[in-house]
Amino acid sequence: WVITKKQDDSYKARLVALGYQECSENIRKDSPTCNKDSLRILLLLTASCYWKIQHIDVQAAFLQGKPISREVFIKPPKEAETTSLWKLLKCIYGLVDGPRKWYEEIRDTLENLKMTVSIHDESLLFYNVEGKLEGIIALHVDDLLFSGNENFLNVVIPALKAKFRLSSEMDTNFVYTGLTVTQKSSSILLSQSKYTEQLSEIPIDPQRFNDNTRKLSDKEMAEMRSACGALLWIATQTRPDVSYGTCVASNSFSTGTVADLKSVNKTIKYAKKNPLVISFPRLNLVNNELRLLIFCDASFANLKDGSSQGGFILFLVDASGKCAVITWQSKKIKRVCKSTLAAESWAMIEAIESGEIALAQIKEILGNLTIKCVCFTDCKSLHDAVHTTNTMSDRGLRIPIACLRQRVNKDEISIVWVGTKFQLADCLTKAGASAAFLREILSTGLMPQEFCKFAFFEK
């Protein structure tokens, strides 16, 4: 038995099979859960369509999945007071294909209700009637996040409730997979403030505090890994402003020193002292009135091992300047970069590819809207290289620059130079860079006119 305490202080008991005792090499066990980008798209669409955000939790979901496709016997718990073995009819918790069987059942049910599975995220389904979006659902195992118009709420949701046993239903203000979701009159707010408050700095022996190059003990290394895992959770979900510090710390495990421990503590202290709530305002989803703004940056050879750091952040913006963040990233550039131009080029390639995926998913859901893409860089040499036909002297840069030029020439994207103080991705690639400008945009859901004029009024 596994006993867990619920948010209302009640307890839940699960009978869990020792699935590791079963040979699972030939058992399909993959099961998608809604990724963070899809979740943000769902939130911005919900706010923009004037829908109510809602959440339902399925009770004992695995027992409501598809029948098990093989013979499995388990020894009953002692509370059953029997000497017989139990033959399973459904997958229970602990079996490797339990999540898969449940996903297949909920997916097939929703498809039978005329919902469409996204080709970009198979745990995101949307409900279109005559080409118009009427509802959307995100799946995270037994947690369903959804919104829709009256027709969707009267057709799809009652059918789900009739088929599956539910343990809870909530709307407008709840916690979904660790994220606090709050709906206001004209926006939806997303945060992890309560989780962040629980983060603790790692104690450092006073006798070792000033020895920055001293290697960490096994205990300190374990504590740093745990702290980095907690930071990584908030950095990828709601806190782009701590992404760089978290990424650098996560890459220091093999050579961890007291200085790295101090850096982790500094990031934790900053995160707790500067809470952040991301706003998803009501956008005007009109054809030709939306833009995808990409801010990308790189820092050449600024990491311990001489590698370069790349980062980007993407916003969907309407003509009034209201904006919603879709995704961001801060990570070490995999390629060896020989110059600032090389680092900036490869960072921009990855940023634009992420933007193309986001655009494809939005268009899949809303229909074939025309959404122009604008990419901002503070690297003047990259901007100039893309807007010329001159051959690059560095042969290693000819392919990435050619890719960027082709996109610009086909009018798939505009690349605009901005000063470093306007580069929102600056704090994703270097220590000490201020995140205040980015935090203000994330919390207000308003993009400054300096960027909107390039996106809507200038080529």
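Note that the numbering runs from 1 along the sequence shown for the chain.
In this structure, N287 contributes its side chain and T370 its backbone to a donor-acceptor pair below 3.5 Å. Proximity of a side-chain donor or acceptor of K29 to a complementary backbone N or O of I27 within less than 3.5 Å is detected.
Between D97 and R70 there is a salt bridge, with a side-chain nitrogen of the basic residue lying less than 4.0 Å from a carboxylate oxygen of the acidic one. Ion pairing of E201 with K272 is absent here, as no side-chain N (NZ or NE/NH1/NH2) approaches a carboxylate O to less than 4.0 Å. Contact check on K430 versus D297 returns a salt bridge, with a Lys/Arg side-chain nitrogen under 4.0 Å from an Asp/Glu carboxylate oxygen. Remark: K372 does not engage E289 in a salt bridge, criterion side-chain N to carboxylate O under 4.0 Å. Checked for salt-bridge contact, D30 and R28 meet the test: a charged N lies under 4.0 Å from a carboxylate O. Taking 4.0 Å as the cut-off between side-chain N and carboxylate O, E105 and K101 do not count as a salt-bridged pair. Salt-bridge formation is not detected for the pair E350/R335: no Lys NZ or Arg NE/NH1/NH2 atom is positioned less than 4.0 Å from an Asp or Glu carboxylate oxygen. Ion pairing between R165 and D57 fails under the 4.0 Å rule for side-chain N and carboxylate O.
Residue F451 comes nearest to L293 through the heavy atom pair CB-CD1, 4.2 Å, listed as atom of the first residue, atom of the second, then distance. The minimum heavy-atom distance between L125 and M115, with the atom names listed, is O-CE, 3.4 Å. Considering all non-hydrogen atoms of both residues, C323 and L283 come closest at N-CD2, 3.7 Å. Here the closest non-hydrogen pair linking C379 and T377 is N-OG1, 3.0 Å.
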Evaluate the salt bridge (charged side-chain N to carboxylate O under 4.0 Å, His left out) criterion for residues D108 and K66: first the C-alpha distance (whole Å), next the side-chain angles of each, then the deciding distance (0.1 Å), finally the verdict.
-> CA-CA 10 Å; D108 291 351; K66 288 192 176 297; 3.1 Å; yes

Side chain to side chain donor-acceptor pair (under 3.5 Å) between Q361 and S38: does it pass, once the steps are laid out?
-> CA-CA 8 Å; Q361 188 167 10; S38 297; 3.0 Å; yes

S354 and Q329: CA distance, side-chain angles, deciding distance, side chain to side chain donor-acceptor pair (under 3.5 Å) verdict | CA-CA 10 Å; S354 295; Q329 178 179 283; 5.3 Å; no

Begin with the C-alpha distance, continue with both residues' side-chain angles, and end with the deciding distance and a verdict on side chain to side chain contact (heavy atoms under 4.5 Å, CB included) for L166 and E169.
-> CA-CA 8 Å; L166 308 179; E169 300 179 53; 4.2 Å; yes

Decide yes or no on side chain to side chain donor-acceptor pair (under 3.5 Å) for S147 and T46, but give the supporting numbers first.
-> CA-CA 6 Å; S147 64; T46 299; 2.6 Å; yes

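Two rings, from F146 and W51, have their centers 6.0 Å or more apart. For an aromatic pair to be called close, the ring centres must be under 6.0 Å apart, and F295 with F312 fails this.
With sequence neighbours excluded, the residues satisfying salt bridge (Lys or Arg N to Asp or Glu O under 4.0 Å) with K332 are D305.
A ring-ring contact (aromatic ring centres under 6.0 Å, His included) with F62 is found for one member of W102, Y93, F164 and no other, namely Y93.
At a cut-off of 3.5 Å, with distance as the only test, a side-chain donor of H55 or D143 sits close to an acceptor on the other residue. No hydrogens or angles considered: nothing links the side chains of Y50 and N149 as a donor-acceptor pair under 3.5 Å.
Taking the ring axis of W328 as reference, the NZ or CZ atom of R40 stays within 45° of it and closer than 6.0 Å to the ring centre.
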Extract all donor-acceptor atom pairs below 3.5 Å that involve side chains of residues 223-235 and protein atoms in other chains or at least two apart in sequence.
none

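When the shell of 6.0 Å around NZ of K334 is examined, it contains 12 or fewer heavy atoms from other residues, nucleotides or ligands.
Residues I365 and T116 are not in side-chain contact: their nearest non-hydrogen atoms beyond the backbone lie 4.5 Å or more apart.
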